[in-house]
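Order of appearance sets the numbers: ligands from 1, and atoms from 1 within every ligand.
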Amino acid sequence: MRRQIIIGNWKMNGSLLSIKSLCESLTKLAHESDVADIAVCVPSIYLPYVQTNLKNICLGVQNVSQYNNGAYTGEISTTMLQDFNCRYVIVGHSERRAFFGETDEDIANKTKQVVQAGLTAIVCVGETLEERTTGNLQSILARQLQVVLNKLSTKELEKLIIAYEPVWAIGTGLAATAHQVQDVHRYLRKIVTNFDEELAKNIKIIYGGSLKPSNASELLSLEDVDGGLIGGASLNGKDFGQIIKQAKKI
Ligand code: PEP
């Protein structure tokens, strides 16, 4: 059985003041929940603050450089993240693909960099509404995932979490239906099975896209769903706490 993981993606939100109060409410809820693993992916600049002020919740960030230390102005390396006890890195979020031109190849390189540093990469895959309605759902997902599978060894892939995030569901309030989510998660697991059966049994595939207290129980209870990646609702301690409580018990 795969233990569920609930991960917050704060995106480029917050200030020192608002993050202070979010850390206080999250510290309380971490004590109440033993159901799932919990992590928050914070804006990198707040990593030291959150490391000091948030207890019992794992730390992550939303992006990292695909390069080692050196002349890469503006970048942050995996080594720097390790100095602050960072364990998770979101890679290939659709906002990075769409707004910052990240390619499948960049994403595969970043993923390799992350797992080789011993961190866990949360690799996001997902289709736009147009790709879904024109019948390209499976080919898009297969392409996005296959590039990463090809780049990493089986051992390295053990440090991978796959996040299915339909682009049309992110930040829109309109989550995918349970049927759509289970269908895609089963398909993604099948792709991993073709690659390595044992890996497919253990790899976590989590769902993201307008996950909230009102739909968490239905979506998190699906057979191939091993947790959630939560944007908007993770900025509210109460909502995030309610989602965590609905994670599947094992
Ligand atoms: C996300 O951006 O990863 C996400 C899932 O956002 P939201 O929950 O706000 O749709």
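- Side chain to side chain, Asp106 and Gln66 meet the donor-acceptor criterion of an N or O pair below 3.5 Å.
- Sorted by chain and number, the residues within 4.0 Å of ligand 1 by heavy atom are Asn9, Lys11, His93, Glu165, Ala169, Ile170, Gly171, Gly208, Gly209, Ser210, Leu229, Ile230, Gly231, Gly232.
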Margin query: Between Glu24 and Asn53, does the side-chain hydrogen bond (donor to acceptor under 3.5 Å, both in side chains) criterion hold? Intermediate values first, please.
Written below: CA-CA 8 Å; Glu24 284 163 8; Asn53 291 283; over 6 Å; no
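- The salt bridge (charged side-chain N to carboxylate O under 4.0 Å, His left out) search around Lys11 returns Glu95, not counting sequence neighbours.
- Lys190 meets the side chain to side chain contact (heavy atoms under 4.5 Å, CB included) test with no other residue; sequence neighbours excluded.
- For residues 171-189, the set of pairs meeting the salt bridge (charged side-chain N to carboxylate O under 4.0 Å, His left out) definition, not counting sequence neighbours, comprises Asp183-Arg186, Arg189-Asp224, Arg189-Asp226.
- Smallest separation of non-hydrogen atoms from Ile243 and Ala216: CG2-CB, 4.1 Å.
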